[in-house]
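Let me begin by handing over the structure; questions about it come next.
As a basis for the values below, the full set of heavy atoms in this structure was taken, side chains included, without hydrogen atoms, waters or symmetry mates.
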Amino acid sequence: MAQEREIQNVLQAENLFCERDNRVLFKDLNFTAHRGQVIQIKGSNGSGKTTLLRILCGLNDAFRGELTWFSKPIQDHWEDVRSSLIYMGHRVGVNKVLTPHENLRWSVGLSTSVINEQIDHALGEMGLRGFEDSQCFTLSAGQQQRVSLSRLLLNKSLLWVLDEPFTTLDQEGVNLLERLLSQHANKGGVVFVTTHHELLLPNLTLLDLG
Amino acid sequence: MAQEREIQNVLQAENLFCERDNRVLFKDLNFTAHRGQVIQIKGSNGSGKTTLLRILCGLNDAFRGELTWFSKPIQDHWEDVRSSLIYMGHRVGVNKVLTPHENLRWSVGLSTSVINEQIDHALGEMGLRGFEDSQCFTLSAGQQQRVSLSRLLLNKSLLWVLDEPFTTLDQEGVNLLERLLSQHANKGGVVFVTTHHELLLPNLTLLDLG
Amino acid sequence: MDQVTTIEAFTATLKRDLLVAYKRKNDIFNPFMFFLIVCSLFPIGISPDPARLGEIASGVLWISALLASLLAMDSLYRNDFEDGSLEQLLLSPHPLYFLVLAKNMAHWLVSGLPVVIVSPLVAYMLSLPDDAYWVMFLTLLLGTPILSLLGSIGVALTVGLGSRGLILAVITLPMSVPVLIAGTLTVQEALNGASLSGYMAVLGAMFFGSLTLAPLASATALRISVT
Amino acid sequence: MDQVTTIEAFTATLKRDLLVAYKRKNDIFNPFMFFLIVCSLFPIGISPDPARLGEIASGVLWISALLASLLAMDSLYRNDFEDGSLEQLLLSPHPLYFLVLAKNMAHWLVSGLPVVIVSPLVAYMLSLPDDAYWVMFLTLLLGTPILSLLGSIGVALTVGLGSRGLILAVITLPMSVPVLIAGTLTVQEALNGASLSGYMAVLGAMFFGSLTLAPLASATALRISVT
Amino acid sequence: MWMWFAKLGSPRWFYEISTKWLPWLASAMCILMIVGIVWALLFLPPDYQQSFTTRILVIHVAVAGTSLAFFPLMAVAGTITLVWKMKLADMVAKHAAPLGAWFSFVTLATGSLWGSVMWGTWWEWTDARLVSMLFQFFLLLSVVALRSAIEDPDKSAKACALLSIVGCINVVIIKYSVEWWNVLHQPSSPLSTSNGSANGPEFWMATGVMILAVYLFFIVSLTLATRNEILQRERRSQWVQEIVRTS
Amino acid sequence: MLEAIQFSSLREFFEMGGYAFNVWSVYAIFSIFVLVNMLLPILRKEKIIKELKRRASFEKAETNSVREP
Ligand code: HEM
Ligand SMILES: Nc1ncnc2c1ncn2[C@@H]1O[C@H](COP(=O)(O)OP(=O)(O)OP(=O)(O)O)[C@@H](O)[C@H]1O
Ligand SMILES: Nc1ncnc2c1ncn2[C@@H]1O[C@H](COP(=O)(O)OP(=O)(O)OP(=O)(O)O)[C@@H](O)[C@H]1O
Ligand SMILES: [Mg+2]
Ligand SMILES: [Mg+2]
């Protein structure tokens with residue numbers, strides 16, 4: 001994470017507007033994400049949280065308004081955004097026939113070079129010790145979620161965009177993830193996260209979609 | 001729900017034992033489900049909650065031990081069990097191209113005859129008014145969950161088996177579902193439910209898988 | 001709110017599957033298009049000469065129908081498995097036999113019947129001799145349901161698998177060989193002017209045999225795959 | 001922990017896809033079996049007579065290879081889409097062109113190459129005249145990668161759809177017709193004793209054309225399907 | 001009777017009894033095979049028509065005959081797996097499928113090598129035996145493919161059991177329909193007429209020895225593979241650990 | 001006994017009346033087939049035993065060293 005841009009606005013939205021099927025999901029949405037912020041997006045079911053997160057990653061371009069990345073229009077800088085982004089959606093991105101280790105080797109390896117020990121260490125941290133070499137279809141729902149979350153430990157990315165990462169995690173997993181989020185923020189990262197449960201973090205910003 | 005069997009053990013397990021991939025998930029598991037009970041199955045990720053629920057529905061027969069249904073061995077009474085069961089798994093059972101209404105018409109219609117008004121009413125209760133005739137792939141994750149949950153309002157089944165039904169529901173949805181569970185129990189039904197959050201219900205029994 | 005009878009559950013399932021197909025449109029349109037396209041590959045790949053085409057036409061039609069019916073099978077249980085509807089089907093209190101039969105029937109109506117209906121046209125395009133149109137049509141009408149019923153077993157066995165596509169074909173194609181033989185022989189004998197009742201009887205026997213046995217096997221296979 | 005280069009990302013993707021195929025085994029085995037089985041349907045459906053078989057053999061081989069390669073395509077992006085890996089691929093900082101190329105390459109190695117290798121054996125069984133073996137083999141070696149690359153566009157376009165299977169075929173088969181024509185013509189001209197360099201050049205041009213352009217189209221199609 | 005059945009289902013019982021029997025079976029197999037091969041290669045008089053190629057037939061007939069036993073075997077094992085959930089049946093079935101594919105392949109290969117002499121062609125679609133053997137080969141491979149496609153061992157056991165039963169019925173139907181098809185095609189090739197070829201009694205005696213030898217080989221090989229499977233699946237039981245320790 | 005041998009020379013034996021390729025191929029295929037299907041299970045058994053032994057010693061070591069404090 002480059003040191004010189006310390007206090008800049010990482011990601012800023014101005015007058016975002018989005019509708020689907022003639023239902024306006026949000027309009028005049030403004031927010032600024034600084035380094036060190038965890039932004040929790042709240043809202044009832046169907047209020048557009050997932051849609052918003054996908055917009056931020058460039059996985060959805062059916063919106064109007066202005067998005068800037070370090071104060072520059074985001075359209076021209078998707079490459080930059082992608083190289084400092086981790087996204088986790090409703091689908092976890094874990095191949096069922098590969099083992100957790102092999103899954104991470106690829107999904108992390110797409111952007112960062114890692115060695116095997118790091119991967120095994122990260123899996124251990126996420127409570128998957130002993131499961132490194134089981135194929136993922138034998139893992140429970142929560143364990144697959146944990147495989148996907150291990151990426152957070154291996155990529156040194158600035159921006160985390162996490163869509164309901166707490167589902168299917170048990171209490172201990174929830175605590176672990178909360179700790180990770182606040183650590184990331186403390187190190188100057190930015191986190192967007194949607195969840196329906198109360199997050200207990202010091203540097204939390206709420207963004208309510210209604 | 002037949003009145004004459006009022007105080008019987010609906011479902012009873014003796015010395016259940018299950019292992020997967022040489023990992024023992026549970027052994028010597030004993031429990032009895034009476035009418036009016038909500039049984040919350042707890043346990044960390046990968047402790048075997050889903051496996052247990054699928055065993056109870058007959059979707060998994062890789063276990064040892066004794067299961068009885070109204071004190072009779074369950075092997076000979078799967079038909080009975082099925083005709084008084086609602087199961088909701090990690091996959092919600094909602095066809096993406098059909099509308100919520102059409103989905104319910106079939107999934108409820110498999111066991112109970114319903115009329116259109118009842119279906120629309122149930123969907124309204126679950127907060128899906130206005131979405132009755134959108135195709136389900138346009139619904140958000142939580143809304144699809146709600147479609148599936150509407151079945152609870154339409155089937156008069158004795159036994160509910162719900163695997164993490166609270167995921168992706170917003171706060172209001174969670175309250176609604178909790179109310180449904182306790183109502184069902186009060187009317188003499190039996191609920192098995194797994195979830196990682198604290199349920200605030202009067203007649204709750206905990207079953208911990210560790 | 002009463003319990004429903006098995007017949008009601010049967011029709012509910014049939015209706016629902018037809019509805020899904022209607023909404024997707026592609027399910028009806030594609031097997032049919034696939035059939036047309038594959039049939040028209042042969043004049044291109046083999047020979048545009050009508051005389052030679054006419055000789056191979058009956059085989060080409062049958063093989064294309066076989067492939068179309070086989071490849072359309074994939075959608076029979078797959079989506080239901082993925083979204084969890086299949087579990088609901090298995091947990092219904094009615095005999096799975098009838099529900100599977102309903103699904104097979106809907107599927108054939110949607111993917112098999114259009115192919116049968118368009119077959120005379122394709123037969124014309126491939127210069128099949130005139131006398132054989134009707135026989136071609138009839139054999140396909142009797143034959144494609146058998147192919148669907150057999151295919152259903154294969155799909156049911158492979159429905160939960162990560163790798164799909166061809167495993168289904170590898171399992172089902174060898175099973176379909178007798179149907180292919182019966183079908184093409186009937187057409188060829190018709191061309192030779194032989195009496196057809198015996199051949200049709202063979203196809204009919206295959207039809208009733210698979211109608212009674214195949215859904216049983218499919219139902220068993222589904223229970224195996226989902227648990 | 002450094003950023004990786006595009007080449008490293010390319011090899012990582014290639015390796016991963018080969019690993020997935022290796023673990024599934026069937027991905028390698030099935031296209032090949034499908035090819036064998038479909039080819040052996042023709043003698044049964046059309047005629048067992050060697051002379052007549054020999055005439056249609058080159059077309060049958062090409063059409064079967066086309067279908068095998070097409071139907072194997074389904075597994076190219078589908079699983080990745082369903083488990084979310086495809087989103088990760090799209091979100092990688094490297095040009096999608098190369099990642100798509102890596103996936104295509106892995107896929108051809110696994111599903112196309114075995115078919116090409118077994119083709120001489122099948123050519124013998126279908127009584128293809130002796131002189132044409134080598135030409136058959138070479139045209140398939142050049143042709144199946146083209147089919148894979150074209151098929152990839154079709155899969156990418158249809159990857160998010162509920163109904164699958166045949167829509168892919170309906171989109172891709174017409175695109176593949178020129179390859180089929182070039183391939184079968186080459187073999188037939190070889191049988192007629194004509195010089196082949198011209199025909200091979202056409203196939204070669206198609207190969208390089210699709211190698212440079214098709215992954216671009218696939219990449220665009222993927223972005224469209226996933227967003 | 002029931003006791004015996006239950007005992008038969010126990011992998012341990014099978015392992016122990018086969019430990020006793022294997023050496024005998026294996027040595028009988030070796031002796032018969034050597035006798036058969038030496039007899040066939042050295043002593044068989046040349047056929048007046050087929051010359052020394054009858055030496056091919058000895059092998060071909062033995063292997064072909066044995067290869068017909070696989071589907072019935074797998075169907076029976078499959079029924080036992082599905083109905084009585086007996087693990088041993090599945091362990092046998094699991095290895096029977098690839099072994100059967102081997103047998104079918106060798107039948108096809110030796111048949112072709114013979115055919116290239118007799119008919120001047122390696123392959124001929126107008127012979128019912130050839131075509132139905134080819135499809136039996138495909139069906140066996142499809143069972144193998146299904147086995148490796150389903151990751152969950154329990155599930156793949158049951159799925160393959162079902163497929164074997166369906167496949168067994170199919171092999172019969174295919175055989176008859178291919179024959180029927182052939183009769184109606186009235187093949188012009190020489191095969192249909194050559195069935196009554198006059199092979200002397202000596203030929204059939206050598207072949208008989210060979211058939212016995214190949215059957216024994218089939219049993220021995222399948223037993224060896226099944227024993228491996230037992231070791232692996234029962235690896236955590238006391239008695240297997242005992243075996244591992246002492247070996 | 002020896003006079004029953006159908007060949008008068010080794011060369012004749014190898015030629016098999018002009019069908020050497022076919023006859024010897026069949027015997028080659030057959031012996032490969034028999035050998036492979038005998039040897040593979042035997043070799044696999046050794047591998048399995050080795051693997052199980054390794055695992056047993058591994059587990060023993062683990063239970064010895066990692067006991068509760
Ligand atoms: C169901 C499988 C098969 C069985 C039970 C079988 C059995 C036999 C038997 C008993 C004979 C000796 C006939 C005689 O000497 O009168 C024979 C001959 C022969 N077999 Fe097979 N065979 C089978 C499959 C095949 C296959 C797949 C091929 C070729 C690829 C083949 C090619 C031949 C040939 C060329 C002959 C010699 C023809 C003759 O003498 O009439 N057979 N087979
Ligand atoms: N198909 C399978 N093959 C082998 N092992 C499996 C299979 N499915 C699940 N398991 C194992 O069974 C264990 C329990 O899985 P299960 O899905 O029941 O957990 P769970 O309690 O529901 O967890 P979660 O809270 O994450 O949903 C896991 O450790 C997993 O490794
Ligand atoms: N593909 C689509 N086509 C049309 N409308 C869509 C589509 N996807 C989503 N929508 C609509 O957009 C709205 C927002 O969906 P979104 O998935 O963003 O909600 P969400 O806030 O993430 O809800 P949840 O908490 O349930 O996950 C929903 O009301 C849905 O109807
Ligand atoms: Mg959402
Ligand atoms: Mg679970």
- Item | Residue D:Leu61 versus chain C: region with a heavy atom under 4.5 Å |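 No part of it gets close to chain C.
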- Name the region of C:Leu36, side chain, backbone, both or neither, that has any atom closer than 4.5 Å to a heavy atom of chain D.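 Neither the backbone nor the side chain of C:Leu36 comes within 4.5 Å of chain D.
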- Item | For chain C, the option from D:Val38, D:Val187, D:Leu173, D:Val177 that forms the most heavy-atom pairs under 4.5 Å |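 Ranked by heavy-atom pairs under 4.5 Å with chain C, first place is D:Leu173.
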- chain D contact via C:Ile63 - which portion, at a heavy-atom distance below 4.5 Å: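 Just the side chain, heavy atoms under 4.5 Å.
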- Message: Between C:Asp49 and C:Ser47, do the side chains contain a donor N or O and an acceptor N or O under 3.5 Å apart?
- Response: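 Their side chains do not contain a donor-acceptor pair, so the 3.5 Å distance test is not met.
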- What heavy-atom pair brings D:Gln188 and D:Ser58 nearest, and what distance separates the two atoms?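 Result for this residue pair: NE2-OG, 3.9 Å.
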- Query: Do C:Leu166 and D:Pro31 touch side chain to side chain, with heavy atoms closer than 4.5 Å?
  - Reply: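 Yes, side chains in contact.
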- Which bit of D:Glu55 comes within less than 4.5 Å of chain C, counting heavy atoms only: side chain, backbone, both or neither?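 It is both, since atoms from each part get that close.
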- Taking the six-membered ring for Trp, are C:Phe32 and C:Phe29 parallel (under 30°), tilted (30 to 60°) or perpendicular (over 60°)?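 Tilted: the ring planes of C:Phe32 and C:Phe29 meet at 30° to 60°.
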- Do C:Thr139 and C:Thr186 have side-chain atoms, one donor and one acceptor, less than 3.5 Å apart?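 There is no such pair (donor and acceptor under 3.5 Å, judged by atom type) between the side chains of C:Thr139 and C:Thr186.
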- Query: Considering residues, nucleotides and ligands other than D:Met105, do more than 12 of their heavy atoms fall under 6.0 Å from its CE?
  - Reply: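 No, not enclosed.
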- Message: Given heavy-atom pairs under 4.5 angstrom as the criterion, report whether the side chain, backbone, both or neither of D:Leu180 touches chain C.
- Response: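 For D:Leu180, the contact with chain C is made by the side chain alone.
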- Could you tell me which portion of D:Phe42 (side chain, backbone, both or neither) has an atom closer than 4.5 angstrom to a non-hydrogen atom of chain C?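 For D:Phe42, backbone and side chain are both near chain C.
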- Message: If you count heavy-atom pairs within less than 4.5 Å of chain D, which of C:Gly59, C:Ala21, C:Ala57 leads?
- Response: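 Winner by heavy-atom pair count: C:Gly59.
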